[in-house]
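Here's the structure, in structure tokens; my notes come after.
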Amino acid sequence: MNPIESILDHYPVLVIDGALATELERRGCNLKDDLWSAKLLLEQPEKIRQVHYDYFKAGADCAITASYQATIQGFSKRGLNEEQALALIQKSVRLAVEARDEFWADQANRVGRSRPFVAASVGPYGAFLADGSEYRGNYGLTESELMDFHRPRMETLIEAGADLLACETIPCLVEAQALVKLLEEIQSIPVWISFSCRDEVHVNEGQRLEDCVRQIEASPFVSAVGINCTSPKYIPGLIGAARKVTDKPLLTYPNSGETYDPNKMDWNNDPVVESFGEQARQWYAAGACLIGGCCRTTPEDIRVIAGWARSSV
Ligand SMILES: [Zn+2]
């Protein structure tokens with residue numbers, strides 16, 4: 001069963017969750033580390049479970065797992081062997097499943113909504129490099145090298161029981177094409193593919209979003225396409241461009257509009273966009289029907305989106 005279709009059959013908007021890593025930092029966790037939120041899979045898994053639970057409570061229809069930066073290669077730099085790394089990647093799914101099951105076990109939480117699902121994060125190759133490459137692309141890797149990088153984690157996330165793969169913050173066309181080829185090879189579960197963009201026309205490496213979407217949207221494994229971790233101000237234009245070349249559901253979960261400094265491994269304190277959740281109405285109007293938040297967004301932002309998405313539209 002495709003969880004996107006089953007929710008959009010009943011509701012006009014599927015509510016995606018908000019930031020995981022920056023929300024954990026807001027709660028006092030130190031993530032200044034190459035493994036970022038994946039570090040907490042090792043050290044404080046209960047905190048991850050709690051953030052997932054809080055997003056469900058705020059109204060999210062799905063949780064995106066803490067596997068964005070969790071890779072065999074990344075964990076091996078920490079001295080973990082392949083088996084230990086794969087166990088942590090599985091654990092990222094289990095934490096989200098546990099939070100979802102706990103949330104759904106309470107009948108009072110079921111009113112007026114669908115059972116939430118678990119979207120396993122597949123971060124880009126650039127996230128493993130941990131130098132901000134997901135905001136630039138230009139890795140110098142071939143499609144088949146990128147397939148080799150993504151294969152073991154993707155297989156593990158599927159085995160662990162994820163409902164969907166969230167391929168996210170993809171900065172370039174070649175990586176999206178590698179992912180689609182891999183999905184076809186391993187006969188994947190449903191997937192969304194989400195690009196990170198640098199303006200209202202181009203993905204971060206420089207190709208036009210419209211061209212990237214056109215190249216990958218036909219795959220039967222691609223259930224939705226869109227944009228995440230991008231400034232909210234570019235979203236209406238980007239959604240409009242994607243809509244021209246696909247009939248598939250469009251998703252967006254922008255960041256708060258602040259900018260990330262890879263040298264500091266921190267976000268610049270740019271003024272936060274006022275009422276992210278209210279601004280999200282414009283993305284719905286532009287044609288997006290899966291809507292949430294990326295870095296620096298909070299459960300409160302998701303509560304606002306769920307509020308209008310389930311009542312007024
Ligand atoms: Zn982000």
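Predicted, not measured: the structure shown is a model, and the values here were computed from it. Counting begins at 1 with the first residue of the sequence. Both counts, for ligands and for their atoms, begin at 1 and track the order of listing.
Listed by chain and number, the protein atoms of type N/O/S under 2.8 Å from the Zn ion (ligand 1) are Cys229 SG, Cys294 SG, Cys295 SG; waters are omitted.
For the 3.5 Å distance criterion, the side chains of Glu5 and Ser223 fail to qualify, holding no donor opposite an acceptor. In summary, the side chains of Glu98 and His52 do not present any donor paired with an acceptor at a separation below 3.5 Å, with no hydrogens or angles considered. In this model, a donor atom of one side chain and an acceptor atom of the other lie less than 3.5 Å apart for Ser256 and Glu258.
For the side chain to side chain contact (heavy atoms under 4.5 Å, CB included) criterion with Leu88, the lone passing option out of Leu41, Thr71, Ile72 is Leu41.
Considering only residues two or more places apart in sequence or on other chains, Glu210 meets the side-chain contact (heavy atoms from CB on, under 4.5 Å) condition with Arg208, Arg214, Ala241, Lys244, Val245.
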- Query: What do the steps show when you test Phe117 against Trp104 for ring pair (Phe, Tyr, Trp, His ring centres under 6.0 Å), and what is the final call?
  - Reply: CA-CA 11 Å; Phe117 64 93; Trp104 205 241; over 10 Å; no
